[in-house]
Undergrad: 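I have a structure I would like to understand better, so I am pasting it below and will then ask my questions one at a time.
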Amino acid sequence: MSRKIDPELIDDENPEWMESDVKRAVPFSALSSSLQRKLRRGQRGVQKAPTKVQTAVRYDPDVVEHFKAQGPGWQTRMNDALKKAILAGIA
């Protein structure tokens, strides 16, 4: 039984690796140090002193949707709104 490939899943810019591609592959550690630095650029390193505390909080769905509707960065905006409420003596 042959399996049909979903044409929506085909990515011409990122084709599936063939056996020859696998044979030519080398581990990251085998690349030159300059190429390793170039490929690592933009990655975030470990925080030296974390400035935030990770926690689990439950909010009403409409509150979360309000902040998410404003786009990326909604968690930071929510944090800022809570800080404002604290400074205003509301919370």
Undergrad: State plainly whether one hydrophobic cluster holds both Leu35 and Phe28, where clusters connect Ile, Leu, Val, Met, Phe, Trp and Tyr through side-chain heavy atoms under 4.5 angstrom apart.
TA: yes
Undergrad: So, using side-chain hydrogen bond (donor to acceptor under 3.5 Å, both in side chains) as the criterion, who are the partners of Gln54 when residues are at least two apart?
TA: none
Undergrad: Looking at residues at least two apart in the chain, or sitting in another chain, which of them share a side chain to side chain contact (heavy atoms under 4.5 Å, CB included) with Val57?
TA: Thr55, Tyr59
Undergrad: List the atom of Met78, the atom of Val63, and the distance in Å for their closest heavy-atom pair.
TA: CE-CG1, 4.1 Å
Undergrad: Do Met18 and Asp21 come within less than 4.5 Å of each other through their side chains, counting heavy atoms only?
TA: yes
Undergrad: With sequence neighbours left out, which residue pairs that include part of residues 75-84 fulfil the side-chain hydrogen bond (donor to acceptor under 3.5 Å, both in side chains) condition?
TA: Gln70-Arg77
Undergrad: So which heavy atom on Trp74 is nearest to which on Phe67, and how close?
TA: CB-O, 3.2 Å
Undergrad: Working to the nearest 0.5 Å, report the span between NE2 of His66 and CG of Asp60.
TA: 13.0 Å
Undergrad: At their closest point, which heavy atom of Asp12 faces which heavy atom of Pro15, and how far apart are they?
TA: O-CD, 3.8 Å
